[in-house]
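Structure first, then comments.
Every heavy atom of this structure was used, including side-chain atoms; hydrogens, water molecules and symmetry mates were not. Just so we're clear, the structure is a prediction, and the values are computed from it rather than from any experiment.
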Amino acid sequence: MTPSTPQVTRPETAWSPSPGDGDATPSAGAGPATGRPARPAPAPSGGLRERKKQRTRDALIRSALELFTAHGYEETTIDEIAEAVDVSQRTFFRYFASKEEVVFAVHEMVEARFAEELERRPEGEAPLEALHNAVMSSWDDIGGAIQSVIPLELHMRTYQMIESTPALISAHWRRYAILEEQIARLIARREGVDVLTDPRPRVVVAAFSGVMRVAGKVWGEGEDVSVESIREITEEYLAQIVPAVSGEWRSR
């Protein structure tokens with residue numbers, strides 16, 4: 001399957017709608033950073049108020065990421081983010097608990113899509129096959145989902161910013177550890193084993209996650225920010241897990 005590649009455009013300025021404080025809504029689920037499952041932002045209903053809430057949340061994410069990637073995570077204040085969207089600091093905190101939560105908001109959406117896809121995989125698929133197929137299937141619509149909030153180019157810059165910011169690297173690893181445990185428990189449940197006594201779910205998820213981190217790093221360091229690119233890199237690297245572990249590396 002090869003999805004259509006979204007057209008990537010470089011953002012010139014942060015999008016800044018101007019809803020008032022009354023348009024705020026409580027923050028979406030805090031996700032892996034707090035140990036709770038990652039949840040995508042709730043889809044707005046047809047009401048004008050709900051659409052304005054979603055626009056405010058998306059604008060805060062985009063403006064924050066633009067400021068973080070341009071000026072630095074530590075150097076950017078919450079007041080500056082709120083000002084860029086023309087809302088108060090109080091409104092910011094109704095959507096997000098911290099700057100860190102904003103940084104990983106789109107990541108949580110991506111992770112939630114993957115987890116949902118994994119839940120839907122047929123029972124007959126082996127664990128590694130299910131993980132592989134889930135991540136590849138989730139890329140079919142994830143590009144559009146990301147671009148509904150931020151440009152893919154900004155998503156890549158955010159990834160690079162995380163990798164170069166010590167405080168965020170720590171948070172990134174913490175989130176990864178929590179997410180891996182959630183996925184391992186999901187795999188254990190699929191296979192009818194106890195994750196506390198059977199090491200296989202955690203082992204297969206650790207291998208899968210390691211490959212995904214490497215693939216993401218390669219994508220983040222490249223120039224092609226398309227969904228097509230991340231799909232191809234992911235496919236190539238995941239296909240090497242079994243040969244790398246059990247195959248003969250040296251030619252005879």
Side-chain angles (χ1 to χ4, degrees), residues 3 5-12 14-15 28 30-33 38-41 57-76 81 96 98-115 117 131 134-136 138-180 183 208-238:
T5 304
Q7 183 65 38
V8 178
T9 56
R10 286 187 182 274
E12 297 179 359
W15 174 44
R39 300 284 183 184
R57 184 180 189 276
D58 292 350
L60 285 167
I61 293 172
R62 178 163 179 170
S63 293
L65 298 183
E66 289 282 12
L67 289 167
F68 294 154
T69 56
H71 305 295
Y73 174 76
E74 300 285 2
E75 291 75 15
T76 301
I81 298 168
F96 301 102
S98 64
K99 292 194 300 181
E100 180 184 304
E101 191 173 310
V102 183
V103 169
F104 293 108
V106 176
H107 287 71
E108 289 190 357
M109 179 180 68
V110 172
E111 292 159 3
R113 294 279 179 126
F114 166 70
E117 191 63 37
L131 289 164
V135 74
M136 298 311 297
S138 67
W139 282 119
D140 287 341
D141 66 351
I142 202 64
I146 292 173
Q147 287 211 131
S148 70
V149 183
I150 60 173
L152 283 174
E153 185 268 348
L154 178 55
H155 184 56
M156 185 185 75
R157 282 195 284 129
T158 299
Y159 187 92
Q160 294 169 333
M161 182 267 297
I162 291 170
E163 290 291 308
S164 63
T165 305
L168 293 178
I169 292 174
S170 175
H172 198 35
W173 281 100
R174 182 182 69 244
R175 295 178 68 258
Y176 250 120
I178 294 171
L179 180 63
E180 285 180 2
I183 299 302
F208 172 81
S209 297
V211 171
M212 291 301 297
R213 282 195 292 269
V214 173
K217 186 174 187 296
V218 171
W219 179 73
E221 292 173 346
E223 296 181 357
D224 187 349
V225 299
S226 67
V227 173
E228 177 91 15
S229 173
I230 186 61
R231 275 183 60 96
E232 290 178 356
I233 294 171
T234 301
E235 183 76 60
E236 177 186 358
Y237 277 68
L238 286 176

State the [atom1]-[atom2] distance between [X] and [Y], to the nearest 0.5 angstrom.
X: Leu154; Y: Ile61; atom1: CG; atom2: CD1; result: 10.5 Å
X: His71; Y: Glu66; atom1: NE2; atom2: CD; result: 9.5 Å
X: Trp173; Y: Arg213; atom1: CH2; atom2: CZ; result: 4.0 Å
X: Thr158; Y: Leu152; atom1: OG1; atom2: CG; result: 11.0 Å
X: Leu179; Y: Met212; atom1: CG; atom2: CE; result: 10.5 Å
X: Glu232; Y: Trp219; atom1: CD; atom2: CH2; result: 13.0 Å

- [ ] With the side chain counted from C-beta on, respond yes when Ile162 and Tyr73 share a heavy-atom pair under 4.5 Å apart, and no when they do not.
- [x]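 A side-chain contact under 4.5 Å is absent here.
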Open item on the list: Using side-chain heavy atoms (C-beta onward) and a distance below 4.5 Å, is Phe96 in contact with Arg57?
Closed with: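 Counting from C-beta outward, Phe96 and Arg57 do come under 4.5 Å.
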Task: Salt bridge present between Glu100 and Arg174 (N-O < 4.0 angstrom) - done: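 So Glu100 pairs with Arg174 through a salt bridge.
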Open item on the list: I'd like to know if Glu221 pairs up with Lys217 as an ion pair, taking the criterion as any Lys NZ or Arg NE/NH1/NH2 lying under 4.0 Å from an Asp or Glu carboxylate oxygen.
Closed with: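 Salt bridge: yes.
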TODO: Might you point out which heavy atoms bring Met156 and Gly222 nearest each other, and give the distance in Å?
DONE: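 Scanning both residues, the minimum pair turns out to be SD-O, 3.7 Å.
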TODO: Return the minimal non-hydrogen interatomic distance between Ser148 and Asp58, and the atom names on each side.
DONE: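 Minimum heavy-atom contact is O-OD2, 3.9 Å.
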Open item on the list: Before we go on, tell me: are the rings of Tyr159 and His155 under 6.0 Å apart, centre to centre?
Closed with: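 Between Tyr159 and His155, the centre distance exceeds or equals 6.0 Å.
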Open item on the list: What verdict does the side chain to side chain contact (heavy atoms under 4.5 Å, CB included) test give for Leu168 and Phe104, after you've listed the backbone C-alpha separation in whole Å, the side-chain angles of each residue and the deciding distance to 0.1 Å?
Closed with: CA-CA 9 Å; Leu168 293 178; Phe104 293 108; 4.2 Å; yes
TODO: Using side-chain contact (heavy atoms from CB on, under 4.5 Å) as the criterion, list what pairs up with Glu235, not counting sequence neighbours.
DONE: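 Counting only residues at least two positions away or on another chain, Glu235 forms a side-chain contact (heavy atoms from CB on, under 4.5 Å) with His132, Met136.
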TODO: Apply side chain to side chain contact (heavy atoms under 4.5 Å, CB included) to the pair Val103 and Thr165, showing each step before the final yes or no.
DONE: CA-CA 12 Å; Val103 169; Thr165 305; over 6 Å; no
- [ ] Start with the C-alpha distance between Phe208 and Ile183, add both sets of side-chain angles, then the distance that settles side chain to side chain contact (heavy atoms under 4.5 Å, CB included), and finish with yes or no.
- [x] CA-CA 10 Å; Phe208 172 81; Ile183 299 302; 5.9 Å; no
Open item on the list: If we ignore hydrogens and angles and just use 3.5 Å, is the side chain of Ser170 paired with the main-chain N or O of Ala167 as donor and acceptor?
Closed with: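 No: the side chain of Ser170 does not pair with the backbone of Ala167.
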Task: Donor-acceptor pair, side chain of Ser63 and main chain of Leu60, under 3.5 angstrom - done: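 Looks like no, no N/O pair under 3.5 Å.
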Open item on the list: For Thr76, run the side chain to side chain contact (heavy atoms under 4.5 Å, CB included) check against Val102, Leu65, Thr69, Leu67 and tell me which one passes.
Closed with: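 Answer to the side chain to side chain contact (heavy atoms under 4.5 Å, CB included) test with Thr76 among Val102, Leu65, Thr69, Leu67: Leu67.
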